[in-house]
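Throughout, protein chains are lettered first and strands after them, A, B, ... in sequence-line order, and every chain is numbered starting at 1.
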There are 2 protein chains.
Amino acid sequence: MSSHKTIIKNGRFLVPGADKPVLQGYMTIENDRITYIGEKEPLAVEDAHVVDGSRLMFMPGLVNTHGHAAMSLLRGYGDDLTLQVWLQEKMWPMEEKFTGDDVYWGASLSVLEMLKGGTTTFLDMYDHMDRVAEVAELSGIRAVLMRGVIGLCPEEVQNQKLAEAIAFARNWHGKANGRITSMISPHAPYTCPPDFLVKFVQAAHDLDLPMHTHMSETLREVEQNAADYGLRPVAHLEKLGMFTRPSLVAHGVHLNDEEIEILARYKVGVSHNPGSNLKLASGIARVTELLKAGVTVSLGTDGAASNNNLDMFEEMRLAALIHKGITGDPTAVPAPEALLMATEYGAKSIFLDGVGRLEAGMKADFIAIDIDQPHLLPHTDLLSHAVYSASAKDVEHVWVDGRQVVKHGECLTLDEEEIRRKAQESFEGLLKR
Amino acid sequence: MSSHKTIIKNGRFLVPGADKPVLQGYMTIENDRITYIGEKEPLAVEDAHVVDGSRLMFMPGLVNTHGHAAMSLLRGYGDDLTLQVWLQEKMWPMEEKFTGDDVYWGASLSVLEMLKGGTTTFLDMYDHMDRVAEVAELSGIRAVLMRGVIGLCPEEVQNQKLAEAIAFARNWHGKANGRITSMISPHAPYTCPPDFLVKFVQAAHDLDLPMHTHMSETLREVEQNAADYGLRPVAHLEKLGMFTRPSLVAHGVHLNDEEIEILARYKVGVSHNPGSNLKLASGIARVTELLKAGVTVSLGTDGAASNNNLDMFEEMRLAALIHKGITGDPTAVPAPEALLMATEYGAKSIFLDGVGRLEAGMKADFIAIDIDQPHLLPHTDLLSHAVYSASAKDVEHVWVDGRQVVKHGECLTLDEEEIRRKAQESFEGLLKR
């Protein structure tokens with residue numbers, strides 16, 4: 001990558017948590033880093049590309065901490081069904097047929113949607129992950145990728161899948177200028193027997209990588225865990241040693257006070273997926289209690305088959321809204337906290353340093369919103385507008401690792417027309433096979 | 001209006017409730033009516049304007065059945081506050097200063113946002129309603145407008161406000177080629193004493209108009225009603241004779257079984273406002289029970305100060321999602337029902353005949369969505385995409401009463417740039433006064 005410099009003039013910058021959460025001024029970017037942000041014009045940056053920020057609001061890129069990108073091929077293929085019917089009659093029969101090419105085009109469709117919608121980092125747990133890594137590398141997005149392993153199979157197959165997961169992590173962790181990192185990811189306590197789970201913990205130790213798994217998404221799986229192993233999922237995973245590794249669990253809908261305390265003690269992050277949890281009727285996570293206990297709560301879309309889009313603005317808004325409605329407290333999850341969950345807490349929960357904040361020294365992963373639109377006026381409080389009024393389609397420009405990847409709503413790194421066509425063809429092919 | 005004819009070729013049309021909810025084919029419009037919709041090409045329509053529908057999905061225009069358009073001037077002016085602080089320290093002091101011009105520019109901003117976002121009909125309850133009616137007339141939108149009256153004032157002022165409400169209804173009901181209709185609207189049982197409420201019922205009888213009011217939005221007002229009058233709000237309004245008129249109540253969050261039964265018996269509609277109810281932490285309406293009891297449930301955004309946008313796709317999606325999450329039943333409020341709530345049930349609940357469905361003989365209020373976008377692919381089930389994946393910003397074209405008012409995302413009837421500027425100036429003026 002050749003050296004390049006950018007200066008943004010007269011922009012509005014969101015800095016949640018700061019004394020002045022909406023800063024008006026300047027930001028400079030050199031190579032992959034933010035080098036300056038402030039109200040005063042910086043010293044001249046030679047040969048810098050100048051961006052006029054006067055109609056724009058800049059904010060950290062959104063961080064999607066749980067999903068299955070290739071599942072966008074099944075968006076709208078099954079809705080309003082009980083979980084068992086949805087899985088057994090709709091998702092699993094189709095997913096069984098997924099080839100590497102299906103995963104490539106499904107992931108391309110998702111990455112295209114995410115980049116255009118302001119998501120600059122995503123976590124993906126699926127199969128055929130080499131093909132997802134190709135998409136991540138090509139597109140310029142930041143990605144935390146892992147082979148998600150379901151262990152309900154003979155030991156021989158289990159070991160083969162584990163070897164795949166390890167090989168993938170070895171091959172891709174740190175690649176693409178460091179934009180791609182990896183974690184070790186057994187699918188869930190209810191799909192991986194204890195002795196198999198222990199092997200993942202060992203692999204994570206050996207590779208010095210964090211861990212990710214689905215946990216306590218439905219009441220049924222919590223009850224099943226207690227019946228099978230005499231422990232609820234949190235105590236079960238603690239006992240198997242998972243939390244000796246830095247860990248992120250997805251969902252965490254059904255947690256009691258003691259479990260929240262354990263997660264806080266081990267600094268286990270929770271990826272809150274409000275859209276998917278509502279749509280599948282899994283329940284509503286105890287986010288206000290988790291935050292109060294000091295747990296890092298981030299946001300994820302889950303796969304597009306249970307969401308049904310990858311708009312992180314929507315997840316932010318849902319997180320800010322539903323916990324008010326449920327608790328009866330209109331001050332619950334205020335706008336700045338929802339924005340932090342979608343940005344800084346997101347990066348922290350997937351163990352990325354230097355990502356998620358507009359600050360000198362941080363990675364230049366940021367987005368610009370066109371604020372001169374009816375639904376973002378008047379300009380009372382732009383941070384409020386980002387959380388409560390904006391959507392993915394308001395994103396005008398996107399930069400990742402200092403490189404502009406979306407300009408005036410067009411993705412510069414991917415061939416949108418080809419991806420749209422191939423995604424449709426992939427779905428039609430799956431229907432026919 | 002000069003006679004005009006349009007034929008749409010090769011479109012996809014949403015017909016929720018029909019055997020084939022996604023019809024592929026043709027639709028013709030002559031003057032203000034749909035004259036044909038079907039799979040086969042119709043007989044030639046002479047001199048018709050031809051629309052190529054091949055990249056588009058057509059659906060009935062969205063019907064927003066509760067709101068306060070001028071409050072968009074206060075979007076983002078107060079968030080994450082308790083209801084009393086929000087009202088007493090933020091909303092009321094600013095609203096007191098609203099002039100007719102403020103209402104005009106606030107309503108213009110809202111109507112612009114709504115039209116561009118696919119809302120073809122809105123209900124508005126506020127003050128300075130002549131100015132809102134001007135906006136409705138100019139913009140081409142369909143509107144149900146009413147002077148909302150708060151009666152916590154001396155009898156003389158009460159009577160003056162009532163006279164205003166009556167005069168407004170007389171002047172505007174049936175105007176703008178019938179696009180503007182009116183209702184009689186006391187603000188709420190907790191802001192209008194019983195004897196004053198009775199006068200509104202009489203006025204509605206005299207003018208032969210339906211009624212609209214806020215009801216049971218918060219638990220506190222329900223308890224206050226019981227303490228003050230010995231009755232919960234539903235029985236209270238029944239006793240005062242309101243339900244002898246065709247009626248729509250907004251919110252209806254806190255209802256017991258008996259109250260739901262009373263509403264069903266009198267065919268009182270409920271405008272469900274999920275976004276606002278969540279944001280103000282009012283609670284979650286018992287929508288599945290209301291629908292089961294046969295109550296017509298429609299959707300409203302409420303004012304943009306408590307939402308904070310007027311995207312009816314979002315309200316549709318919230319309605320489809322939150323009741324699944326709350327009841328634990330993923331089949332609750334399925335996509336076709338959510339779409340009906342936002343269209344046909346919407347029109348029915350505000351007593352508009354011939355609006356809300358794509359069908360020969362119906363009013364030509366319809367919108368077109370660009371479906372060749374990453375988040376709306378693959379084309380598995382377009383009705384699902386409309387409810388679970390789309391947003392206001394996906395709206396490409398809008399027709400109301402047979403007239404195109406939005407083309408390629410641009411409003412043809414309003415001066416967007418002027419409205420954006422004036423709305424910002426109005427807010428700044430309110431801050432200074």
Side-chain angles (χ1 to χ4, degrees), chain A residues 72-77 79-83 86 109 112-113 116-117 275 277-284 307-311 318 321-322 324-332 334-335 372 374-375 377-382 384-385 388-389 391-394 416 419-420 423-424 426-428, chain B residues 72-77 79-83 86 109 112-113 116-117 275 277-284 307-311 318 321-322 324-332 334-335 372 374-375 377-382 384-385 388-389 391-394 416 419-420 423-424 426-428:
Chain A
S72 61
L73 291 188
L74 302 180
R75 184 200 317 273
Y77 180 63
D79 302 294
D80 308 320
L81 300 169
T82 63
L83 187 65
W86 182 69
L109 185 70
L112 180 62
E113 180 186 349
K116 290 179 77 172
N277 295 160
L278 290 170
K279 184 153 187 284
L280 297 176
S282 305
I284 292 165
N307 189 305
N308 291 351
N309 63 38
L310 305 176
D311 180 349
L318 277 174
L321 290 179
I322 60 175
K324 293 177 170 64
I326 289 290
T327 61
D329 175 6
T331 71
D372 205 11
H375 66 293
L377 281 165
H379 292 160
T380 48
D381 176 351
L382 293 180
S384 163
H385 288 358
Y388 291 120
S389 311
S391 82
K393 297 268 313 243
D394 297 322
E416 171 158 347
I419 291 169
R420 284 196 258 111
Q424 181 66 26
S426 293
F427 171 68
E428 288 171 10
Chain B
S72 62
L73 289 188
L74 303 180
R75 184 200 319 273
Y77 180 62
D79 303 294
D80 308 321
L81 301 169
T82 62
L83 188 65
W86 182 69
L109 186 69
L112 180 62
E113 180 186 350
K116 290 179 78 173
N277 295 160
L278 289 170
K279 184 153 187 287
L280 297 175
S282 305
I284 292 165
N307 188 304
N308 289 357
N309 63 37
L310 305 176
D311 180 350
L318 278 174
L321 290 180
I322 59 175
K324 292 177 172 64
I326 290 291
T327 61
D329 175 7
T331 71
D372 205 11
H375 66 293
L377 280 164
H379 292 160
T380 49
D381 176 352
L382 292 181
S384 162
H385 288 359
Y388 290 120
S389 311
S391 83
K393 296 270 310 244
D394 297 323
E416 171 158 346
I419 291 170
R420 283 195 258 110
Q424 180 67 26
S426 293
F427 171 69
E428 288 171 10

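- For the options B:Ala423, B:Ala392, B:Gly283, B:Gly328, heavy-atom pairs under 4.5 Å to chain A are most numerous at B:Gly328.
- The choice from B:Gly325, B:Pro374, B:Ser282, B:Gly117 that makes the most heavy-atom pairs within less than 4.5 Å of chain A is B:Pro374.
- Contact count versus chain B (heavy atoms, under 4.5 Å) is highest, among A:Leu109, A:Ile419, A:Leu310, A:Asn277, for A:Leu109.
- Between A:Lys393 and B:His375, some side-chain heavy-atom pair lies under the 4.5 Å cut-off.
- No side-chain heavy atom of B:Pro330 sits less than 4.5 Å from a side-chain heavy atom of A:Lys279.
- If you take CG on A:Leu321 and CG on B:Leu318, they are separated by 6.5 Å, rounding to the nearest 0.5 Å.
- With a threshold of 4.5 angstrom between heavy atoms, A:His379 approaches chain B through its backbone and through its side chain.
- For a residue to count as touching a neighbouring chain, one of its non-hydrogen atoms must lie under 4.5 Å from one of that chain's; by this rule A:Asp329 touches chain B with the backbone only.
- For a residue to count as touching a neighbouring chain, one of its non-hydrogen atoms must lie under 4.5 Å from one of that chain's; by this rule A:Ala335 touches chain B with backbone and side chain alike.
- Ionic pairing of B:Asp80 and A:Lys324 is present here: one or more N-O contacts between side-chain nitrogen and carboxylate oxygen are shorter than 4.0 angstrom.
- Pairing each heavy atom of B:Ser72 with each of A:Pro378, the nearest pair is O-CD, 3.2 Å.
- For the residue pair B:Ser389/A:Asn308, the side-chain donor-acceptor check at 3.5 Å is not satisfied.
- For A:Thr327, no part lies under 4.5 angstrom from a heavy atom of chain B.
- If you measure heavy-atom distances from A:Leu382 to chain B, you find no contacts under 4.5 Å at all.
- Only the side chain of A:Glu416 comes within less than 4.5 Å of a heavy atom of chain B; its backbone N, CA, C and O stay farther away.
- With a threshold of 4.5 angstrom between heavy atoms, A:Leu81 approaches chain B through N, CA, C or O but not through any side-chain atom.
- Rounding to the nearest 0.5 Å places OH of B:Tyr388 at 14.5 Å from CZ of A:Arg75.
- Taking each heavy atom of A:Ser391 and B:Ser391 in turn, the nearest pair found is OG-OG, 4.2 Å.
- Counting heavy-atom pairs under 4.5 Å between each of A:Ile326, A:Leu83, A:Asp372, A:Asp311 and chain B puts A:Asp372 at the top.
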Next on the checklist: side chain to side chain contact (heavy atoms under 4.5 Å, CB included) for A:Ile322 and B:Leu278? Distances and angles first, verdict last.
Outcome noted: CA-CA 6 Å; A:Ile322 60 175; B:Leu278 289 170; 4.3 Å; yes
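- Shortest non-hydrogen contact noted between B:Thr380 and A:Tyr77 is OG1-N, 3.9 Å.
- For a residue to count as touching a neighbouring chain, one of its non-hydrogen atoms must lie under 4.5 Å from one of that chain's; by this rule A:Asn307 touches chain B with the backbone only.
- Using a 4.5 Å cut-off between heavy atoms, A:Thr331 touches chain B through backbone and side chain atoms alike.
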